[in-house]
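Input: a single structure, listed below in C-alpha cells.
Numbers for residues simply follow the sequence, beginning at 1.
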Amino acid sequence: MADRLGHNQTAVMFTMLVLGKAVTNTDLKAYGLTLDGADRRALNDRELVETDTQRRPYVHSLTKAGLDWCREEFAAGEPPRPAPRSTFAPALYVILSGLDQYLRRQRLSITDVFGVEVDITPEEIERRVRSAYAKLVDAGDWAGLAELRPMLGGVDRAAVDEVLKDLSRRRVIDLAPESNRKALTAADHEAAVKVGGEDNHLISIGAS
C-alpha cells in the first residue's frame, strides 16, 4: 500500500488526477483546496508533485510517481488517519476500492480512465494503441484513428504520432488513408497522421 498522506494532500492529489493537467492554487481553490507551505514541500520532496516556482502563481504537476501513488491509494479501502468527521470520505474509499478492483480485472491503467498529462514512454504508448485497437476491431481489421485516439488517455499528440510513424516504418502496424474522402468527418481529419506527405486515417494491427 502507498505511504499515506494527510487529508489535504490526498484531496489535492486526487483532484489533480481527475483534472488531468497542471494546476495553480487558483485552480484548486475552486474545489476548496490549496497546495502550499509544508504540504507542497512534502509532495515535492517525495517527487509526487513537481512545482514550477519560477512562475506566479506556482504551477503544480502530478508526476509519474504521483500517478502511481494515486493508483495504490485507490486500494487502501479507508481514508488516512485521523478519521474524518464526514461519512462521505469512507464512502468515497469504498468506491475507489471498487474502481481499483475493476481496473485490475480489466488490466487497465489508471490513465485509461483519467487523462493525466505525465511523461509516457513510447512502449507505454504502443501498449495503449494496441489495447485501444483490440477494443475497437478484430486483429487485421481497419480502425479509425478518430475512434482510437480518445482511448489513449492524456498523451501528447506529437508523441503518439511519432510512435505510430515508427511502428509503421517497422511494419508493426499499417496506416492508410480513407479511400472514400466524402465520408471523412472533421474528427477524421483532426485525428489523421501524416506519413510521406499523405494523411492517414486508418490503422490495422495484425495478430501477434
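Nearest approach of P177 to R181, heavy atoms of both residues: CB-NH1, 4.1 Å. The two atoms that bring R104 and A75 nearest to each other are NH2-CB, 4.5 Å, heavy atoms only. Nearest heavy-atom pair, P90 versus P79, reported as atom, atom and distance to 0.1 Å: N-CG, 3.7 Å. In plain terms, the two heavy atoms of S204 and G140 that are nearest each other are OG-O, 3.1 Å. For R4 against E78, the heavy-atom pair with the smallest separation is NH2-O, 2.7 Å. Nearest heavy atoms, G206 versus A139: C-CB, 4.1 Å.
When hydrophobic clusters are built by joining Ile, Leu, Val, Met, Phe, Trp and Tyr residues whose side-chain heavy atoms come closer than 4.5 Å, directly or via intermediates, L108 is grouped together with W69. Taking hydrophobic clusters as Ile, Leu, Val, Met, Phe, Trp and Tyr residues chained together by side-chain heavy-atom distances below 4.5 Å, L96 shares a cluster with L103. Using a 4.5 Å cut-off between side-chain heavy atoms of Ile, Leu, Val, Met, Phe, Trp and Tyr, with links allowed through other members, V195 and L145 fall into the same hydrophobic cluster. Hydrophobic clustering (ILVMFWY, side-chain heavy atoms < 4.5 Å, transitive): W142 and L148 are in distinct clusters. Hydrophobic clustering (side-chain heavy atoms under 4.5 Å, transitive across Ile, Leu, Val, Met, Phe, Trp, Tyr) groups I173 together with V193.
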E73/L5 under side-chain contact (heavy atoms from CB on, under 4.5 Å): CA gap, chis, key distance, verdict
CA-CA 9 Å; E73 183 69 11; L5 298 174; over 6 Å; no
Determine, step by step, whether L35 and V23 satisfy the side-chain contact (heavy atoms from CB on, under 4.5 Å) criterion, reporting the C-alpha distance in whole Å, the side-chain angles of both residues, the deciding distance to 0.1 Å, and the verdict.
CA-CA 10 Å; L35 182 59; V23 299; over 6 Å; no
Full working for salt bridge (charged side-chain N to carboxylate O under 4.0 Å, His left out) between R130 and E126:
CA-CA 6 Å; R130 289 181 177 277; E126 179 179 349; 3.1 Å; yes
Taking it one step at a time, do L136 and M151 satisfy side-chain contact (heavy atoms from CB on, under 4.5 Å)?
CA-CA 10 Å; L136 291 172; M151 301 170 68; 3.9 Å; yes
Going through the checks in order, is the side-chain contact (heavy atoms from CB on, under 4.5 Å) test met by I205 and L167?
CA-CA 10 Å; I205 305 177; L167 294 174; over 6 Å; no
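Counting heavy atoms of neighbouring residues, nucleotides and ligands inside a 6.0 Å radius, atom CZ of R81 does not exceed 12 of them. Within a 6.0 Å radius of CD in E50, no more than 12 heavy atoms belonging to other residues, nucleotides or ligands are found.
Under the 3.5 Å distance criterion, the side-chain polar atoms of T63 are matched with a main-chain donor or acceptor of E47. Judged by distance alone, with hydrogens and angles left aside, the side-chain atoms of Y133 form a donor-acceptor pair with the main-chain N or O of D141 at under 3.5 Å. In this structure, the side chain of N44 engages the main chain of V49 through a donor-acceptor pair within 3.5 Å. For the pair T15 (side chain) and A11 (backbone), a donor-acceptor distance under 3.5 Å is present. Using modelled atom types, one side-chain atom of H7 and one backbone atom of P82 make a donor-acceptor pair closer than 3.5 Å. A donor-acceptor pair is defined here as one N or O able to donate and one able to accept, closer than 3.5 Å; no such pair exists between the side chain of T51 and the backbone of T53. With hydrogens and angles disregarded, no donor-acceptor distance shorter than 3.5 Å links the side chain of T24 to the backbone of V59.
You'll find the side chain of V12 stays beyond 4.5 Å of the side chain of D39, heavy atoms only. Using a 4.5 Å heavy-atom threshold, the side chains of I203 and V129 count as touching. For the pair N25/H60, a side-chain contact is recorded, criterion being any heavy-atom separation below 4.5 Å from C-beta on.
Interatomic distance, CG of L28 versus CG of L19, reported as 7.5 Å (0.5 Å rounding). Between atom CD of residue E72 and atom CG of residue L67 there is a gap of 10.5 Å, rounded to the nearest 0.5 Å. The CE atom of M16 sits 9.0 Å away from atom SG of C70, with the distance rounded to the nearest 0.5 Å. Here F14 contributes atom CZ and Y31 contributes atom OH; the two are 16.0 Å apart, rounded to the nearest 0.5 Å. Rounded to the nearest 0.5 Å, atoms OG1 (T34) and CG (N8) are 5.5 Å apart. Going from atom CG of L202 over to atom CG of L175 covers 9.0 Å, rounded to the nearest 0.5 Å.
T185 and D188 share a side-chain donor-acceptor pair at under 3.5 Å.
Hydrophobic cluster of Y58: no remaining members, since no ILVMFWY side chain lies below 4.5 Å from it.
At a threshold of 4.0 Å, the pair R128-E124 counts as salt-bridged, since one of the basic side-chain nitrogens sits closer than that to a carboxylate oxygen. Salt bridge present: D166 and R170 bring a charged side-chain N and a carboxylate O closer than 4.0 Å.
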